[in-house]
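Working notes for the structure below.
Hydrogens, waters and symmetry mates are skipped; everything else that's a heavy atom, side chains included, is used. Below, chain A is the first sequence line, B the second, and so on; all start at residue 1.
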Amino acid sequence: MVEVTDVVCSLCGCVCDDIVVEVEDNKVTKVKRGACSVGKSKLMGHNRIKSPAIRVNGELKDCSYDEAIKKAAEILAASRRPLLYGWSSTVCEADKVGVELAEELGAVIDNTASVCHGPSVLAIQDVGLPSCTLGEVKNRADVIIYWGANPAEAHANHMKRYSYVSKGFWTEEGKKAKKLVVVDVRATKTSKMADVFLQIEQGKDYLVFSALRAILYGHADVVPDEVGGVSKKDLLETAEMMKGAKFGATFFGMGVTHTGARQNNIVNAIQMTRAAHTHTKFTITPMRGHYNVAGINQVCTWETGFPFAVDLTRGYAWYNPGELSATDLLIRQECDAALIIASDPGAHFPGESIKHLAKIPVIQIDPFPNPTTEFADVVFPAAVSGVEAEGNVYRMDNIPIRLRKLIDSEYPEDEAILKRILDEVRAIKEKEGN
Amino acid sequence: MFVCTRYKWIKMGTKVNLISGRTTVQGRNLDSKLSEEYFDEVARCDLNKADLEKLGVAADESVKVNTSYGEVIVKAKEDGGTPEGIAFMPMGPWANAVVSGDTHGAGMPVYKGIDAEIEKTGEKVLHVKELMQTYMG
Amino acid sequence: MQTIKLKLKSEVTSGVAKIPVEVDSLTPDKLFGKTEAEIKAVTVWWGNKEENTGDLFDVSVDGTAGSADEVKIVLDGDLSRVKRIGDGMTAGEIEANGDVDMHCGAMMNGGKITVKGNADCWAGREMHGGDLVIDGDAAANLCAMYRGETTGMTGGKVTVGGNADECVGQYMGGGEIVIKGNARMLAGLNMHGGKIVIEGDAVMPGADMTSGEITVKGTVRDMMPSFKLEGTESIDGAEYKKYSGDLAMTAKKAKGTLYVK
Amino acid sequence: MAEVLIKNGVVYDPLNGVKGEKKDICIRDGKVVESVTNPKVIDAEGRVVMPGGVDIHSHIAGGKVNSGRLFRPEDGRKGLEAKTKVCRMQSGYSVPNTFAIGYRYAKMGYTFVMEAAMPPLAARHTHEELVDIPILDNAALPLLDNNWMTMEYVNGGDMDLLAAYVAWIMKATKGFGVKIVNPGGTEMWGWGKNCSLNDTVPTFDVTPAEIIKGLAEANEKLEMPHSIHVHTNMLGHPGNFEITKETYDLVKGVNTVKDRQVMHTTHTQFHSYGGTNWGDFESKADAIAGYINQNDHATIDIGSVILGDTTTMTADGPMEYSLYQITGRKWTNHDVELETGSGITPFLYSGKSPVNTIQWAIGMELALLVEDPWKIALTTDHPNAGPFIGYPILISMLMSKKRREESSADMHKVIYDKALLPSIDREYDLNEIAIITRGMTAKALGLHEHGKGHLGVGADGDVAIYDMSPEETDAGKIQKAFLNTKYTIKDGQIVVKDGEVVATPDGKTYFVTPECDDKLTDEMMVKLKDKFDHYYTVTLNNYPVQDAYVPNPYEIKTQMRG
């Protein structure tokens with residue numbers, strides 16, 4: 001038995017890196033410390049896709065990697081509008097090959113941000129993002145707002161490691177000396193911990209943000225008695241609490257990105273932060289979901305100039321979420337082939353979009369079988385990043401951390417599979433004289 | 001401490017405002033979506049006690065969730081945190097069966113805030129593989 | 001006067017995948033002076049391959065033109081996957097018989113486009129001049145900006161016969177938009193010039209506006225809580241409340257005007 | 001390996017005293033040699049030949065650069081170019097993608113670029129992007145001035161321990177030298193405040209002046225190739241020239257065994273401001289240049305303005321906030337725990353604005369008023385005062401008074417009242433241009449000892465051949481020649497020919513590993529470990545940049561002086 005320390009979790013955007021596990025006979029046998037139940041489950045492992053396979057007459061038939069590579073490359077090289085989607089639950093090294101493959105194919109490349117924090121990215125492109133690393137929140141923040149986020153369920157270590165419950169340099173007393181504000185439609189595990197819980201009407205976030213902004217800028221007089229189910233009195237008290245902070249930190253989740261005004265909710269959340277910043281230090285950070293969704297946004301941006309929903313048809317990047325994001329392409333039935341890696345549109349896309357995916361050739365690269373496997377035509381099992389493969393990832397605050405390899409795998413890494421597909425695509429194009 | 005609870009969005013009868021979102025157990029099974037635990041956690045719809053009573057549904061009985069974009073059968077669950085008139089489904093294939101793919105030029109479907117109707121049903125909840133089969137052909 | 005008829009061949013949109021054709025190369029400016037054979041040889045993007053216009057469209061040319069102003073392009077067939085119609089045009093006329101895909105009239109500087117159907121997202125995006133008439137509905141981001149830009153439409157006139165989806169005229173700096181039907185949420189978002197008239201209903205109009213004018217003749221749902229009531233005014237015989245805003249942008253910037261019944 | 005002979009060129013190699021001589025350059029195995037036997041011959045036909053350009057200060061890689069790209073798709077759409085058989089896709093103007101950075105610099109004849117600010121905690125990010133930039137050799141300067149460790153050692157006067165910490169950061173980040181940005185101010189910005197040179201930073205009880213001096217001493221103890229590299233306090237504030245001069249004075253007494261300055265201060269244009277507010281704002285370039293002329297311990301780069309829209313980005317968080325408050329445009333801020341921060345906001349430099357006009361003049365005034373070109377480098381602080389692609393414009397301005405007069409006529413008339421530029425007659429010659437773009441920069445970085453910035457035997461085979469004769473006086477033609485080389489040769493390989501990129505080899509990353517006494521390191525580690533145990537959110541073991549991030553390393557070892 002070997003104890004491995006400083007293990008990095010490859011599940012959610014918290015990317016906790018102080019986990020201790022035991023490894024025996026090339027297996028993770030125990031997660032001793034550091035991980036939440038979700039992360040622990042990831043580290044301990046699940047049923048795997050056992051072999052590469054190609055669908056023949058409706059059934060997946062096992063085959064060699066060589067055969068699957070050849071088939072995948074043929075599908076992609078013949079495609080007039082391929083979609084390469086996913087990229088969030090793998091490492092940046094693989095993402096780079098993905099961008100190169102997309103460029104070679106004249107494909108659309110999109111990542112899971114488009115159904116997660118894509119609206120946040122659009123908002124940042126509108127007004128920017130006054131933010132900070134999570135350690136700044138840990139050491140300084142005395143007022144913490146979770147808006148449309150439920151970290152107690154979705155990011156179980158977030159409050160303990162980084163925010164409300166953590167203890168830092170100027171926050172030695174921990175939560176005793178902090179205020180927690182939760183804004184949500186439902187009462188949640190997180191809202192039960194709050195000093196202030198604003199239970200707002202579903203879909204009315206935008207109005208509440210604007211009201212708070214007007215108050216923070218000194219125009220409480222125009223704000224009506226009630227906004228989005230919240231009384232003016234509560235809004236005024238919340239604004240006072242924000243103004244009185246030494247260091248305020250807002251975190252927001254999919255309660256805001258998925259609702260009503262979507263990207264404009266986030267614009268407004270950021271505008272509220274800027275308004276609060278005229279009184280005191282205030283920051284805002286999206287609660288990114290997958291452990292490396294921030295990373296594919298980074299890689300895609302430094303390579304193409306744009307973070308997601310990028311069309312490389314003409315050899316240069318045309319960026320436009322809402323036109324080129326995966327769900328849009330699929331509901332419009334635009335693409336004629338898809339490569340899905342490290343994600344599961346079968347589970348997370350609207351049914352209307354899945355219908356088109358089920359009709360076109362789909363290549364899947366993933367360690368685990370999932371709903372997408374049910375209609376994939378070529379399937380590649382891959383090593384699990386963070387357990388069987390190392391590589392770079394970006395935490396929700398864009399801090400880069402290197403995943404560790406804990407055990408050997410019989411399966412190749414995502415990067416290696418993608419490189420082989422890319423080589424094969426190039427060989428086909430060479431043969432065709434392109 | 002103050003808590004705002006004056007909740008105004010209460011619809012009549014079986015009409016609800018449907019939202020979907022993450023849960024711990026759903027997250028724990030992200031890499032094992034074919035498992036029973038995932039099925040039990042995700043193929044469900046949380047409603048307030050009052051709404052359940054209106055529907056005449058007990059916990060763990062099947063309900064049909066209907067929107068303009070589709071319908072799906074899931075198990076009903078009681079959740080005190082969910083206000084009257086709101087239905088919560090964990091994110092996953094069942095919730096998505098009734099979500100629109102239209103992003104209104106934003107790239108993001110509206111996963112929360114969908115007008116839905118809920119009714120009691122005797123039909124069985126489809127397993128994930130069966131649910132995926134409905135998208136084929 | 002010259003009429004160039006382009007009818008999209010049915011096989012282009014009859015496959016399992018409906019791959020868009022991008023026709024930014026087919027504007028009166030760019031086709032002026034070309035023979036039928038030359039027009040057929042102009043390339044358009046269909047997915048990741050460039051194709052000859054003649055391979056995707058039935059092409060016919062009638063009459064002659066002394067300038068691009070005298071060129072009229074008539075588009076027929078299933079145009080629901082034809083993107084960037086009239087992109088950047090400065091003169092002449094385009095008539096599209098049916099629903100058109102995204103970016104119709106984007107970056108338009110002059111001339112006229114008539115859509116005899118619905119227009120998908122970003123019609124009139126960053127339009128600077130000319131006339132865009134959409135008989136049916138307009139999808140989201142009508143006359144809005146490109147991602148990251150802080151100026152959308154700056155000139156010209158857009159008329160929508162039906163309804164319009166979210167974010168009509170976002171970051172609008174000039175020009176005029178008339179929506180005969182309803183507008184979904186956030187019409188005139190971040191507007192800093194120009195004029196929007198919504199004859200039907202609107203949701204949260206005028207958010208973050210700093211200048212310009214919006215008139216909603218129907219009902220407003222979810223009025224922004226950060227506007228100041230300035231009084232009432234009569235427009236075309238009807239009484240309107242006049243608001244200034246958006247104070248969420250600070251008083252210094254809140255120079256927009258919103259008329260609501 | 002292949003040999004190359006560059007014949008008939010007129011060579012400017014200031015580090016070797018070659019000022020426009022007709023001279024052959026021989027390259028074997030990527031290095032300059034005395035002679036070659038069977039070379040590929042490039043006939044330079046009387047054109048100007050220089051060593052590959054060395055940029056001393058540019059923001060090309062890392063978190064804030066990429067945040068700039070991410071939040072400005074409207075800038076991205078400006079520079080779109082399709083992939084070719086050789087080149088990857090390109091995008092962007094003020095914030096180009098990684099590929100475009102490599103190609104565009106190489107086309108201007110540059111072969112080495114220093115990334116001027118690397119937050120240690122996010123060093124992996126900087127390296128990931130550096131690796132992705134084709135052709136260019138590169139290095140990065142870790143930020144060390146607002147680090148709690150630094151401030152605590154400065155406060156305690158423990159200069160040896162400070163040196164041990166600097167050494168550890170250098171190794172942990174694979175960094176090249178000590179970067180200082182608004183010392184103390186960024187920590188204050190953690191609370192939304194700022195500070196000036198002699199203000200005390202609460203909690204840590206140190207002044208920016210003490211931080212600068214302490215780091216200068218630590219830097220020299222470690223015998224680093226480069227001096228401390230300083231962005232002084234109060235950037236961009238009217239009247240800041242006094243603080244700038246005071247900052248220079250701080251390190252006057254610091255000794256170095258190296259043949260270079262003890263302080264390089266950067267983007268000096270932003271620090272040469274007179275007046276008390278934007279109304280009476282005026283140029284104080286003469287005061288700054290006068291100081292530099294009279295002293296030998298400090299060098300500067302100009303940070304000259306290129307008119308047009310750009311993206312400002314710096315670790316100086318409070319400064320970016322001030323700028324955003326002026327413009328109201330989008331603003332991104334990213335404070336980094338225990339270390340540093342950053343801010344980003346777009347900015348338009350307009351010739352119609354009196355303030356921008358004076359700023360535009362100051363950069364060039366500095367270059368023209370500093371008498372010895374070995375003390376000054378050409379930069380735009382890319383992309384802060386303008387994108388690097390504007391260098392050829394600046395070169396043509398420095399070489400032609402006529403061009404400056406023509407351009408001044410288009411600017412706000414304030415240029416004739418509050419700027420000095422119209423009264424300056426000096427014109428740079430090609431030798432001086434070669435100094436401020438390669439000779440001086442390589443020497444100030446200590447890279448001339450490692451084959452950069454010159455063409456002597458043993459130097460790297462990095463050569464730029466410009467499509468102009470040495471007699472050329474037409475500013476337009478000079479600008480055109482410096483934008484697209486006839487040839488750029490990198491390590492003996494032709495990478496640009498006739499203004500087109502023809503090959504894209506990987507660049508090397510230069511970093512310094514200073515060694516110091518184990519006992520000292522052990523003592524420092526006790527304090528450092530406490531920081532990780534209690535305040536950082538990344539563990540000590542996951543902090544250092546792994547070797548995998550630097551696949552083409554060039555390591556420079558130094559030893560701490562006892």
Part of C/Met185 within contact of chain A (heavy atom distance under 4.5 Å): side chain
Give, as side chain, backbone, both or neither, the part of C/Asn141 having an atom under 4.5 angstrom from any heavy atom of chain A. neither
Chain A contact via C/Ala251 - which portion, at a heavy-atom distance below 4.5 Å: both
Work out which heavy atom in C/Ala17 is nearest to a heavy atom in A/Cys335; give both atom names and the distance. CB-O, 3.3 Å
With sequence neighbours left out, write down each residue that passes side chain to side chain donor-acceptor pair (under 3.5 Å) with C/His128, or none if nothing qualifies. C/Thr154
Applying a strict 4.5 Å limit to non-hydrogen atoms, the region of C/Leu229 in contact with chain A is neither
A/Asp336 side chain near C/Val16 side chain, heavy-atom distance below 4.5 Å: no
I'd like to verify something: which residue of C/Lys49, C/Glu149, C/Lys228 has the highest number of heavy-atom pairs under 4.5 Å with chain A? C/Lys49
Side chain, backbone, both or neither: which part of A/Gln271 has an atom under 4.5 Å from a heavy atom of chain C? side chain
Could you tell me which residues satisfy side chain to side chain donor-acceptor pair (under 3.5 Å) with C/Arg125, sequence neighbours excluded, listed by chain and number? C/His103
Between A/Val227 and chain C, which part of the residue has a heavy atom less than 4.5 Å away: side chain, backbone, both or neither? side chain
Less than 4.5 Å to any heavy atom of chain C: does that hold for the side chain of A/Phe209, its backbone, both, or neither? neither
Heavy-atom pair of closest approach, residues A/Ser210 and C/Met224: OG-CE, 3.1 Å
Inter-residue atom distance A/Asn268.CG - C/Ser226.OG, 0.5 Å rounding: 8.0 Å
Residue A/Leu207 versus chain C: region with a heavy atom under 4.5 Å: both
Between A/Asn320 and C/Arg147, is any pair of side-chain heavy atoms under 4.5 Å apart? yes
Under 4.5 Å from any heavy atom of chain C, what part of A/Ala211 do you find: side chain, backbone, both or neither? both
Side chain proximity check, A/Arg213 to C/Asp208, heavy atoms < 4.5 angstrom: yes
Counting only non-hydrogen atoms closer than 4.5 Å, does C/Met249 touch chain A with its backbone (N, CA, C, O), its side chain (CB onward), both, or neither? both
Heavy-atom proximity to chain A below 4.5 Å, by part of C/Trp122: side chain
Check each atom of C/Leu186 against the heavy atoms of chain A and say whether the ones under 4.5 Å are side chain, backbone, both or neither. side chain
A/Asp126 vs C/Asn190 side-chain heavy atoms within contact, under 4.5 Å: yes
Applying a strict 4.5 Å limit to non-hydrogen atoms, the region of A/Asn264 in contact with chain C is side chain
Are there over 12 heavy-atom neighbours, none belonging to A/Lys232, within less than 6.0 Å of that residue's NZ? yes
Against chain A, label C/Phe227 side chain, backbone, both or neither, depending on which of its atoms sit under 4.5 Å from a heavy atom there. backbone
Dump the intermediate steps for salt bridge (Lys or Arg N to Asp or Glu O under 4.0 Å) on A/Glu334 and C/Arg81, then the final yes or no. CA-CA 9 Å; A/Glu334 271 198 32; C/Arg81 286 296 177 274; 5.1 Å; no
Please look at A/Arg274 and chain C and tell me whether the side chain, the backbone, both or neither of the residue comes under 4.5 angstrom of a heavy atom of that chain. neither
Audit row: C/Trp45, A/Thr313, side-chain contact (heavy atoms from CB on, under 4.5 Å) steps and yes/no: CA-CA 8 Å; C/Trp45 284 94; A/Thr313 285; 3.6 Å; yes
Hey, which of A/Ala214, A/Gly228, A/Pro321, A/Gly106 has the most heavy atom pairs under 4.5 Å with chain C? A/Pro321
Non-hydrogen contacts under 4.5 angstrom with chain C: give the residues of residues 255-263 of chain A involved, or none if there are none. A/Gly260, A/Ala261, A/Arg262
What residues of residues 77-84 of chain A sit under 4.5 Å from chain C when you count only heavy atoms? A/Ser79, A/Arg80, A/Arg81, A/Pro82
Salt-bridged, A/Arg314 to C/Glu50, with N to O below 4.0 Å? no
Please report the shortest heavy-atom distance between A/Arg332 and C/Pro20, naming the atom on each side. NH2-CG, 4.5 Å
By a 4.5 Å heavy-atom criterion (distance strictly below it), what part of A/Ile124 contacts chain C: side chain, backbone, both, or neither? neither
C/Ala248, C/Gly47, C/Ala207, C/Gly148: which one forms the most heavy-atom pairs within less than 4.5 Å of chain A? C/Ala248
